[in-house]
Number of protein chains: 2
Amino acid sequence: MYTIGQVSEMFSLPVSTLRYYDKEGLFPGMERQSGIRKFSERELEALRVIECLKRSGLEIKEIKQFMEWCVKGASTYSERKKLFEARRKAVEEEMLRLQKTLDMLKFKCWYYDTAMQDGSEDRLSDMIPDDLPPEIKKLYDNAHS
Amino acid sequence: MYTIGQVSEMFSLPVSTLRYYDKEGLFPGMERQSGIRKFSERELEALRVIECLKRSGLEIKEIKQFMEWCVKGASTYSERKKLFEARRKAVEEEMLRLQKTLDMLKFKCWYYDTAMQDGSEDRLSDMIPDDLPPEIKKLYDNAHS
DNA sequence: ATAGCACCTGAACTTGACTTTAGGTCAAGG
DNA sequence: CCTTGACCTAAAGTCAAGTTCAGGTGCTAT
């Protein structure tokens, strides 16, 4: 059993955030001892899932919904699985978008490297994509597809 | 030259968002014809960069700063390059975090698949990580590292 | 016994990125 | 002529996710 301060340390989250999550219903049925929150292993696992679902792009409300399904037991396994499948798909799509973003950023790094060597963008702005070095063209093409 | 409505179509962005970007200084020196915004190729390229930098996690203010560097010319190449290097690093880190998130989500998909087959989580909650099938243990380990 | 912590609450405030509203200009079509 | 549609502005409103504030409880070390 941990206090809110200990959990704050363990997860590097402000105490205010943990209280906010609690208020939003993300720790259903958390114990208290004379008013003071007691975080058990169940709440720590909840927090791990919260961080995962948040990073997957889920809102607090929807995470609350998930926590309610957990309380409801075996009858909600299929909803929970559907949720994780949907988040998985969303994250896979986000990673594809980020890969394009990354290729654009790498292209821009090359671009400004070149501009700095040349002292101006003149040569670069006269180029057409086919003039780009092959590895750079790959980045450019993926970023603009 | 394009009107705001045409650009809104081309980029699937609400007209209000384009006006907001303009107000925030993201299109420095954009032309107007009797009050009406005229988007040229320069503004379209600016928009492509805006979308890239936004996805990389940059705030509007910082994108504005970048646009000001662009106006300032060759003397800011190195700042601009440093910005893209920093965003590149940030996106690479974000992709690592997302890969962990994805492994957690895949693990949870397996978990609920198994729970549905068993009809309960009893067997799962008695398991220690070493009991997990090898590919599942890999997901679990990466997600929790 | 009092000062200092760590905890508690409800309510107000903040931030970023838009969106909506209310009111106005101007050109083209019926 | 007058309505419709695309454009304009400034200002207010929205939303999510916290954070901050003001005031309160209760243990413990000086």
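Proteins come first, then strands; the chains are lettered A, B, ... in the order of their sequence lines, and each starts at number 1. Since this is a predicted model, take the numbers as computed values, not measurements.
A straight line from CZ of A/R32 to P of D/dT25 spans 16 Å, rounded to a whole angstrom. The CG atom of B/L18 sits 14 Å away from the C1' atom of D/dA6 (whole-angstrom rounding). Distance A/L13 CG to D/dA17 C1': 13 Å, rounded to the nearest Å. In this structure, the CD atom of B/Q6 is 12 Å from the P atom of D/dA6, given to the nearest Å. Protein atom CZ of B/F27 is 12 Å distant from nucleotide atom P of D/dC8, rounded to whole Å. Atoms CG (A/L26) and P (D/dA16) sit 14 Å apart, rounded to a whole Å. Counting to the nearest Å, the C1' atom of D/dG18 and the CD1 atom of A/I63 are 14 Å from each other. Computed from coordinates, the A/D22 CG to D/dA17 P distance equals 16 Å when rounded to whole Å.
Between A/R48 and A/E45, at least one side-chain nitrogen of the basic residue sits less than 4.0 Å from a carboxylate oxygen of the acidic one, meeting the salt-bridge criterion.
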Fill in: Residues B/D131, B/K137; criterion side-chain contact (heavy atoms from CB on, under 4.5 Å); working and verdict
CA-CA 8 Å; B/D131 295 334; B/K137 184 167 189 307; over 6 Å; no

Discussion item. Would A/R32 and A/E43 count as a salt bridge (charged side-chain N to carboxylate O under 4.0 Å, His left out) here? Give the steps.
Written reply: CA-CA 12 Å; A/R32 298 229 181 181; A/E43 278 73 40; over 6 Å; no

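You'll find that the side chain of A/I36 is closest to C/dC7, out of D/dC7, C/dT9, C/dC7.
Annotation: B/K38, atom NZ; neighbour count of heavy atoms from other residues, nucleotides and ligands within 6.0 Å is above 12. More than 12 heavy atoms of other shown residues, nucleotides or ligands fall within 6.0 angstrom of atom CZ in A/F11. Heavy atoms of other residues, nucleotides or ligands lying less than 6.0 angstrom from NZ of A/K72 number 12 at most.
Looking at residues two or more places apart in sequence or on another chain, you find no salt bridge (Lys or Arg N to Asp or Glu O under 4.0 Å) involving B/K100.
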Worksheet item: Nucleotide by nucleotide, 5' to 3', does protein get under 4.0 Å of the base (B), only the sugar-phosphate (S), or neither (-) in nucleotides 10-27 of chain C, counting heavy atoms?
Response: ------SBBBB-------

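In this structure, B/R19 reaches the bases: a heavy-atom distance under 4.0 Å links it to at least one base atom across the strands shown. As judged by a 4.0 angstrom heavy-atom cut-off over every strand, A/T3 is placed among residues touching the sugar-phosphate backbone only.
Of the candidates B/K81, B/R80, B/E79, B/R80 is the only one forming a side chain to side chain donor-acceptor pair (under 3.5 Å) with A/Y112.
For the helix from C/dA1-D/dT30 to C/dG30-D/dC1, the angle separating the two terminal helix axes comes to 20°, with each axis derived from five pairs and the value rounded to 10°.
For an aromatic pair to be called close, the ring centres must be under 6.0 Å apart, and A/F84 with B/F107 fails this.
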